[in-house]
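Below is one structure, written out as structure tokens; comments come after it.
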There are 2 protein chains.
Amino acid sequence: MMITTTMEIEKSALVLKLLGDKTRLIMMKLLEKNTCCVCEFVEIFQVSQSSISQHLRKLRDADLVKEERHGQWIYYSLLKDHEYFNLIEQILKQLPSQDYLLRELEQKGMRISC
Amino acid sequence: MMITTTMEIEKSALVLKLLGDKTRLIMMKLLEKNTCCVCEFVEIFQVSQSSISQHLRKLRDADLVKEERHGQWIYYSLLKDHEYFNLIEQILKQLPSQDYLLRELEQKGMRISC
DNA sequence: TTACTATATAATAATTTACTTATATATTCA
DNA sequence: TGAATATATAAGTAAATTATTATATAGTAA
């Protein structure tokens, strides 16, 4: 019982640590209501494709997101059955929408819709 | 407007990063409903006094906690008027209570009550 | 005053993180 | 098939993080 609550809070700390990076936090907020592919994130964050891929890998390894291949694109979305999804959802809910980033993508003609 | 939401989410990421460490997260959960002093944290976490002091400094620098000196002890408590206190409160609410750590302290006769 | 306790800070070492470039793999399309 | 596009991974690096030990400061109590 005591061990359980310790483990629980330590696992929560790992989730919070993943969300405690501005790139990953904005990614998660975008994925809250959208599906995005890697090349969109590259365009949004203006960092190397490798860097984006590594952030997504961390989120994937922690089961926070899932990937789905559609042709040459791999779409990422929230994995809603995460053990701490309630926590994640509550956090995301309180952050300002970042959807303007997707509208900017659209205006540049770089939004990929499935 | 766009700049604001970017800054808001980046500041949220900094808060989450602070909470994304198991020592600080447990500290914050304890402080949610208690007041604690440095020596209690040292006993609870079994790390150097310096390490505890540095964690508390980070929380203090970010205005997540405040300190209050009573004689030779300095008591820490949550600073509830933080810009993102709602976010913090929502997160803490979803974590399992860590008060057993204080009960253990009491049993060892090491709980300092003001 | 002197000794003791509680806390903060400086300096440092080990580890982790977040990026980069280079390269590999998978898919599409001419 | 071969070129182009999308993605992942390996290797390397600079900066950040978290601990330590040593030392300074502040309060208490003999």
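Since we're looking at a predicted model, the values are computed, not measured. Lettering follows sequence order; numbering is per chain, from 1.
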Using whole Å, what does the distance between atom C1' of nucleotide D:dA16 and atom CG of B:Leu14 come to? 13 Å
NZ (A:Lys29) and CG (A:Leu19) are apart, to the nearest 0.5 Å, by 12.0 Å
Could you state the atom-to-atom distance from CG of A:Asp61 to P of C:dT17 in whole Å? 12 Å
First locate atom CG of A:Leu59, then atom CE of A:Met27, and finally report the distance between them rounded to the nearest 0.5 Å. 7.0 Å
Going 5' to 3' along nucleotides 19-30 of chain C, which nucleotides have protein heavy atoms under 4.0 Å from the base (write B), which only from the sugar-phosphate (write S), and which from neither (write -)? BBBB----SS--
What's the separation between atom CZ in B:Phe41 and atom CG in B:Leu30, rounded to the nearest 0.5 Å? 6.0 Å
What distance separates B:Ile44 CD1 from B:Met110 CE, expressed to the nearest 0.5 Å? 10.0 Å
A:Tyr75 OH - D:dT7 C1' separation (whole Å): 13 Å
Between C:dA6 (P) and B:Ile112 (CD1): distance, integer Å: 7 Å
Is any side-chain nitrogen or oxygen of B:Arg57 closer than 4.0 Å to OP1 or OP2 of C:dA8? no
For A:Lys17 and C:dT15, what is the distance between atoms NZ and C1' respectively, to the nearest whole Å? 10 Å
Can you check the A:Arg24 CZ to C:dA18 C1' distance for me, whole Å? 8 Å
What is the separation between atom CG on A:Leu16 and atom C1' on D:dT17, rounded to the nearest whole Å? 17 Å
Give, for atom CG of B:Leu14 and atom CG of B:Leu64, the distance between the pair rounded to the nearest 0.5 Å. 10.5 Å
Check whether B:Glu40 reaches the backbone of B:Ile112 with its side chain - one donor and one acceptor, N or O, closer than 3.5 Å. yes
For DNA chain D, whose closest nucleotide is more 5', that of B:Gly20 or that of A:Ile52? A:Ile52
Applying side-chain contact (heavy atoms from CB on, under 4.5 Å) to A:Glu83 and not counting sequence neighbours gives A:Glu8, A:Lys11
Distance test, side-chain N/O of B:Lys58 to OP1/OP2 of D:dT17, below 4.0 Å: no
Within this structure, what is the CH2-to-P distance between B:Trp73 and C:dT7, rounded to whole angstrom? 8 Å
Mind checking if A:Tyr76 touches a base, just sugar-phosphate, or nothing, with heavy atoms under 4.0 Å? sugar-phosphate
